[in-house]
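Naming convention: chains lettered A, B, ... in sequence-line order (proteins, then strands); numbering from 1 in each chain.
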Amino acid sequence: MTISRNITESDHEMSVDDRSGLVSRELLTVPDSNAGELEVVPMRKPKGAEVAQRRIRRPFSVSEVEALVKAVEKLGTGRWRDVKLHAFDDPKPQTYVDLKDKWKTLVHTARISPQQRRGEPVPHELLDLVMADEQEKDLVEMLQENHLIDISKYANYVKFCPQCGCP
DNA sequence: TTTAGGG
DNA sequence: CCCTAAA
């Protein structure tokens with residue numbers, strides 16, 4: 001019996017989180033009979049089977065970290081979709097959520113002592129840039145809290161192109 | 001679908 | 001990495 005189907009030519013919506021082709025989630029369509037009011041549909045309970053497989057660990061190469069830092073340097077920390085597009089070739093396995101997570105670990109890495117870091121050492125030059133961006137973010141945050149500036153109507157910490165002004 | 005954070 | 005509430 002086939003439990004988890006590997007849909008390849010289906011018409012299911014493709015989401016960025018599709019685990020390397022292993023398709024996950026399906027879009028269940030509820031019979032719109034009693035159309036209108038609030039009705040919680042039973043929805044098949046994902047019993048035992050079709051439990052999506054966890055993606056394999058894929059450490060970022062120093063090269064990729066550099067691309068990530070470079071992209072964040074230009075786009076900021078609030079648009080991982082664009083960061084993904086600007087720093088990685090679409091087919092790459094890393095999703096923008098992964099990049100967001102990687103940035104989080106980079107900030108952590110930059111804060112701990114070099115001795116407690118693991119894996120291929122990330123050039124401190126890069127970690128310095130990460131810290132710099134974080135500092136800038138914290139500064140803006142502080143200035144806002146102190147009513148020294150007001151950019152509340154804009155996304156937090158996004159940077160804007162000096163030229164085209166595109167966020 | 002993307003953002004944003006906790007799990 | 002995953003899960004997912006919100007937007």
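- When rounded to the nearest whole Å, the span between CG of Leu85(A) and C1' of dT3(B) equals 15 Å.
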Stepwise side chain to side chain contact (heavy atoms under 4.5 Å, CB included) check, Leu68(A) with Leu126(A): CA-CA 10 Å; Leu68(A) 173 59; Leu126(A) 293 177; over 6 Å; no

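- Not one side-chain nitrogen or oxygen of Arg54(A) sits closer than 4.0 Å to the OP1 or OP2 atom of dC2(C).
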Tell me which donor-acceptor pairs under 3.5 Å the side chains of residues 83-93 of chain A have, and how far apart each pair is, sequence neighbours excluded?
{"residue": "Lys84(A)", "atom": "NZ", "partner": "Gln94(A)", "partner atom": "O", "Å": "2.8"}
{"residue": "Lys92(A)", "atom": "NZ", "partner": "Glu64(A)", "partner atom": "OE2", "Å": "3.4"}

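- Between the Asp138(A) side chain and the Gln135(A) main chain, no donor and acceptor come within less than 3.5 Å of each other.
- For the pair Arg79(A) and dT2(B), the criterion of a side-chain N or O lying under 4.0 Å from OP1 or OP2 is not met.
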Could you check Trp80(A) against Thr95(A) for side chain to side chain contact (heavy atoms under 4.5 Å, CB included), going step by step and ending with a plain yes or no? CA-CA 9 Å; Trp80(A) 302 105; Thr95(A) 69; over 6 Å; no

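- Distance, Arg81(A) CZ to dT3(B) P: 7 Å, rounded to whole Å.
- Ile112(A) and Leu127(A) are assigned to two separate hydrophobic clusters, defined by single-linkage of ILVMFWY side chains at heavy-atom distances under 4.5 Å.
- For the residue pair Glu66(A) and Ser63(A), no side-chain donor N or O sits within less than 3.5 Å of a side-chain acceptor on the partner.
- Ion pair Lys137(A)/Glu134(A) flagged as a salt bridge, since at least one NZ, NE, NH1 or NH2 atom sits closer than 4.0 Å to an Asp/Glu carboxylate oxygen.
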With the criterion being N/O to N/O and under 3.5 Å, what pairs connect the protein with nucleotides 5-7 of chain C, and how long is each?
none

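- To the nearest angstrom, C1' of dC1(C) lies 9 Å from CZ of Arg57(A).
- Regarding contacts with the backbone of dT2(B), a side-chain N or O of Tyr96(A) is found under 4.0 angstrom from either OP1 or OP2.
- Using a 4.5 Å heavy-atom cutoff, the side chains of Tyr96(A) and Asp101(A) are not in contact.
- The stretch residues 98-108 of chain A touches DNA chain B through Lys100(A), Asp101(A), Lys104(A), each having a heavy atom under 4.0 angstrom from the strand.
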